[in-house]
Student: 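One structure, pasted below without further comment.
For this chain, numbers begin at 1 and follow the sequence in order. Start at 1 and go down the list; that is how both ligands and their atoms are numbered.
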Amino acid sequence: MTDKPTILPTVQSEASKAGTSPSKTLQAGTLQAKAGPQNPVLLAGRFPADFVFGVATAAYQIEGAARVDGRRPSIWDAFSKMPGRVHDGDTGDIACDHYNRLEQDLDLIQSLGVTGYRFSIAWPRIVPEGTGRINEKGLDFYDRLLDGLNARGIKAYATLYHWDLPLTLMGDGGWTARSTSYAFQRYAKVAMARLGDRIDAVATFNEPWCSVWLSHLYGVHAPGERNIEAALAALHVTNLAHGLAVEAIRHVAPNVPVGLVLNAHSVIAASDGAEDKAAAERAFSFHNGVFFDPVFKGDYPQDFMAAYGDRMPVIEAGDLAIISQRLDWWGLNYYTPMRVAHDASPEAAFPAVTGAPPASDAKTDIGWEIHAPAMGSLVETLYARYELPQCYVTENGACDNTGLVDGVVDDRMRLDYYWQHLSVTADLIGKGYPIRGYFAWSLMDNFEWAEGYRMRFGLVHVDYETQARTIKASGEWYRALASAAAG
Ligand code: IFM
């Protein structure tokens with residue numbers, strides 16, 4: 001296990017006073033009485049009665065069954081099998097075997113007391129080659145998922161694209177090809193025509209920053225490109241695909257609220273100096289503006305276009321109108337701030353920034369700085385800059401690799417992370433920001449992309465040998481919170 005900060009050990013000290021092991025105390029469900037400042041019942045009282053507490057997952061990270069019932073490979077099936085791309089050569093072939101354990105996992109979600117479940121639909125199950133043939137068996141799986149949620153009284157929050165592009169589409173250029181945006185529109189139409197009657201809200205994309213910059217410029221995610229022209233093409237094609245999908249969804253499922261999930265970056269300048277502050281502005285344009293501006297203002301940021309306009313793909317007349325259609329909601333995925341300083345090196349390309357050190361040593365096991373106030377200032381900044389609709393915190397959570405000891409996972413760092421960030425969420429609601437729900441990332445440990453299975457984000461521990469699920473201390477705490485909120 002990597003180093004963990006010792007922060008707010010309240011739960012442990014209360015348990016120690018009682019003369020029992022802290023984890024056993026948590027397992028015994030005494031959190032409500034014992035958790036002191038992290039008391040989930042008190043925290044629940046700070047949220048409106050109709051606030052949705054949920055848990056989130058994504059198809060490739062949990063489903064497994066990669067070659068079952070007509071599913072064809074996605075770019076992640078191919079990428080994860082390339083040497084050196086994913087830690088230890090891990091793949092999503094089996095993952096949490098959720099596809100074969102659906103009913104048991106739905107019971108698990110229900111047992112957490114949540115009122116919402118956020119999941120993604122796998123394009124390669126529905127339209128396995130990206131275009132053409134529709135796979136009924138793939139649709140059947142999501143039928144069962146939605147019916148199972150409905151039977152348990154849990155709201156369904158679906159995402160259409162969480163990075164599993166059908167591999168066949170790479171033959172045309174994947175996300176760099178304009179044709180992929182039309183293929184996505186058709187997939188969105190097929191999926192929502194069949195499933196939309198049981199979906200409470202749908203997102204077109206999850207974190208386009210990752211499927212654009214991280215995948216085509218930084219080479220960390222599939223397809224592993226490191227090329228600015230490819231990245232700029234993927235940027236516009238993705239934004240266009242979002243807009244085309246909004247049109248299609250409104251056509252076939254007009255009652256389903258449509259949104260977009262963005263991992264907005266809380267950009268913090270390394271100093272108050274003019275150069276660092278200007279660097280932070282440029283970083284905001286590059287990491288946030290290129291997604292928020294087209295969707296919520298109908299244009300790309302000026303400074304970004306001054307730097308890259310001549311290398312952008314063709315932006316056809318009407319594209320920006322399609323992209324900037326009104327949304328019913330947007331989703332914020334937040335984990336950690338982005339601290340930046342001016343990069344003075346002559347070869348530095350826009351946004352010409354370097355990373356700056358964190359404000360403290362507090363970090364999660366994946367190395368991400370813990371700084372909850374940055375989530376608050378980010379929401380305030382975004383609502384000041386854009387006319388945004390209502391918001392869900394669609395992902396927030398911590399990598400805490402604490403293992404199973406005597407049947408218990410005592411993941412106090414994660415529990416404290418949740419407490420801090422949910423407190424900030426409650427503060428924002430208190431200030432009037434329209435935040436309607438919060439989804440913990442993640443329901444259970446899963447395939448953490450390039451990090452494979454070594455990084456664990458779950459409220460529930462997964463033993464990948466046996467597929468046994470064990471609710472962690474943080475999961476018990478979240479259950480107490482969600483149950484108290486649900487009354
Ligand atoms: O696991 C991912 C998820 O797929 C997208 N948002 C960030 C999570 C943690 O890295």
Student: Side chains of Tyr418 and Asn396 only: does a donor on one sit below 3.5 Å from an acceptor on the other?
Tutor: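 Result is no, nothing qualifies.
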Student: Distance only, no hydrogens: is a donor on one side chain within 3.5 Å (strictly under) of an acceptor on the other, for Tyr334 and Trp441?
Tutor: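 No - no donor-acceptor pair under 3.5 Å links their side chains.
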Student: Does the side chain of Asn333 pick up a donor-acceptor pair with the side chain of Thr394 at under 3.5 Å?
Tutor: yes
Student: What short N/O contacts, under 3.5 Å, does ligand 1 make with the protein, listed by atom pair and distance?
Tutor:
residue	atom	partner	partner atom	Å
ligand 1	1 (O)	Gln61	NE2	3.0
ligand 1	1 (O)	Trp441	NE1	3.3
ligand 1	1 (O)	Glu448	OE1	2.6
ligand 1	4 (O)	Gln61	OE1	2.7
ligand 1	4 (O)	His162	NE2	2.8
ligand 1	4 (O)	Trp449	NE1	2.8
ligand 1	6 (N)	Glu207	OE1	3.3
ligand 1	6 (N)	Glu207	OE2	2.7
ligand 1	6 (N)	Glu395	OE1	2.5
ligand 1	10 (O)	Glu448	OE2	2.6

Student: Identify all side-chain donor-acceptor contacts of residues 219-227 below 3.5 Å with residues at least two apart in sequence or on another chain.
Tutor:
residue	atom	partner	partner atom	Å
Arg226	NE	Tyr218	O	3.3
Asn227	OD1	Glu229	N	2.8
Asn227	OD1	Ala230	N	2.8

Student: Under 3.5 Å, side chain of Asn239 to main-chain N/O of Val290, donor-acceptor pair present?
Tutor: yes
Student: Below 4.0 angstrom, N of the basic side chain to O of the carboxylate: do Asp410 and Arg412 qualify?
Tutor: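 Arg412 and Asp410: salt-bridged.
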